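Here is the structure we will look at.
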Amino acid sequence: MKKRIAVVPGDGIGPEVTREAVKALRAAAEAGGHEFAFTEYDWGAERYLREGVSLPEGALDVMRREHDAILFGAIGDPRVPDLKYMAEILLGLRFGLDLYANVRPVRLLHPSLTPLKDRERIDFVFIRENTEGLYAGLGGNFKKGTPDEVALQEEVNTYKGVERIIRYAFDFACARRVKRVHMADKSNVLTFGHGLWLRVFAEVSARYPDIEAAHLYADNLALQLVRDPSQFDVIVTNNLFGDILSDLGAGLIGGLGLAPSGNINPAGLSLFEPVHGSAPPLAGKNIANPLGAVLTAAMMLEHLGLAREAGWIESAARSSLEEGKTTTDLGGRLTTSEAGDWLAARLAAHARP
Ligand code: NAD
Ligand code: IPM
Ligand code: MN
């Protein structure tokens, strides 16, 4: 069956890295004998500045009706200081499509890439709640712009939202045959909201007797991740901590240029995007590392049931690192498009003669 992919390149380096991800997808699909149809959507700063449109009306229905997955680049442009359009697009998709599980693997693909001493293996996954928490946009300003200003930003934690993400983390651990699930919060201070997380974690973990469940505070988790990441297999946490800690995770494995992610709705359409943003200083220079986007494409393939082709992409990425065929952020000399061409050539080699 033909796979129908919506491609949303977005802003900054988004289009540059997404182009290479699509190149890798085409090469892997062709070698594996699969058909892909790509439809590009021009949502982002350019269109917003031109037409005042962020996420067009009806976009969510079109996505659900016409696509099997969404491949997303990045959003954010310094020409639009009011980042409302960014929230409307990115959070609009995450919330609107109920992409509640943000899966962010942290895997070391080459030992030279980690700043940690004597670490050969780093392999764990963040499962970040992706539809509520401090991202819900609840709050307001009172007496704005005066010395008496009050600014409120509410954190939303629902039983349904917390239960389903924690359950997702345990199911994920079972499916990956790993033994440990950690949950990180600040229930020592945020007694109401994170107290709920703590109670639900105890309740859900009791249903998974074969998985070791442990709780730790998010500040301690930041320390433990740097000290010894081998303590972790699956880490489930809320929206904001997941955002911050996943950049820390990227730092452990070679930087944001290497970090993939999936925004998953287990019962519907899912969206795949690298962890990094639009990196304005790198944009338009053909120097951004495409591997984060390319490995994101591999996650998408696996999600679509093409695990063999996903594995090909991952091993091409590993080879590029071993052979130094990388962009300058990793010490190589290739441009974004050259790095993508190198990977595509590797992938083409899987085609049957
Ligand atoms: P960023 O992720 O764009 O960049 C952070 C750092 O990582 C920079 O030093 C950048 O040069 C480097 N980097 C990022 N991607 C790289 C790549 N592919 N190759 C090499 N180096 C790379 O984060 P930022 O600078 O905080 O944010 C820039 C804009 O992107 C902001 O508007 C922000 O809101 C937005 N953003 C969007 C997303 C998204 O669309 N999912 C994610 C994060 C940030
Ligand atoms: C990410 C980004 C986004 C987030 C921003 C751009 C809204 O940092 O995907 O990690 O905070 O979720
Ligand atoms: Mn982030």
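Just so you know, residue 1 is the first one in the sequence shown, and it goes up from there. Numbering of ligands and ligand atoms starts at 1, following listing order. Predicted model only: the values in this text are computed from it and were never measured.
- When heavy-atom distances to ligand 1 are checked against a 4.0 Å cut-off, L90 comes that close only through its side chain, counted from C-beta outward.
- At a heavy-atom distance under 4.0 Å, no atom of L83 approaches ligand 1.
- Not a single heavy atom of H276 sits less than 4.0 Å from an atom of ligand 2.
- Looking only at protein heavy atoms, the nearest one to atom 9 (O) of ligand 2 is R94 NH2, 2.7 Å.
- Atom 17 (C) of ligand 1 has its nearest heavy-atom neighbour, among I89, N289, L291, D329, in N289.
- When ring centroids are compared, H215 and Y217 come within the 6.0 Å threshold.
- The proximity of A293 to ligand 1, defined as any non-hydrogen pair under 4.0 Å, does not occur for either the backbone or the side chain.
- Considering only non-hydrogen protein atoms, atom 6 (C) of ligand 2 sits nearest to M86 CE, 3.7 Å.
- Among all non-hydrogen protein atoms, the one lying nearest atom 2 (C) of ligand 2 is D243 OD1, 3.9 Å.
- The presence of a protein heavy atom under 4.0 Å from atom 11 (O) of ligand 1 is confirmed.
- Atom 21 (N) of ligand 1 lies below 4.0 Å from at least one non-hydrogen atom of the protein.
- Neither side chain, D148 nor T146, offers a donor N or O lying under 3.5 Å from an acceptor on the other.
- Here D247 fails the criterion, with no N, O or S atom under 2.8 Å of the Mn ion (ligand 3).
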Item checked: T18 and E16: CA distance, side-chain angles, deciding distance, side-chain hydrogen bond (donor to acceptor under 3.5 Å, both in side chains) verdict -> CA-CA 6 Å; T18 304; E16 297 168 55; over 6 Å; no
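- Considering backbone and side-chain N/O of A288, none are found under 3.5 Å from N/O of ligand 1.
- Using a 4.0 Å cut-off between heavy atoms, T327 makes no contact with ligand 1 at all.
- R318 and E314 are joined by a salt bridge, as a carboxylate oxygen and a charged side-chain nitrogen come within less than 4.0 angstrom of each other.
- The hydrophobic cluster containing L91 does not contain V103, counting ILVMFWY residues as joined when their side-chain heavy atoms lie under 4.5 angstrom apart, directly or transitively.
- Within a 4.0 Å radius of atom 26 (O) of ligand 1, the protein contributes no heavy atom.
- Looking at atom 11 (O) of ligand 2, its nearest protein heavy atom turns out to be Y135 OH, 2.6 Å.
- Protein heavy atom nearest atom 1 (C) of ligand 2, with residue, atom name and distance: R104 NH2, 3.4 Å.
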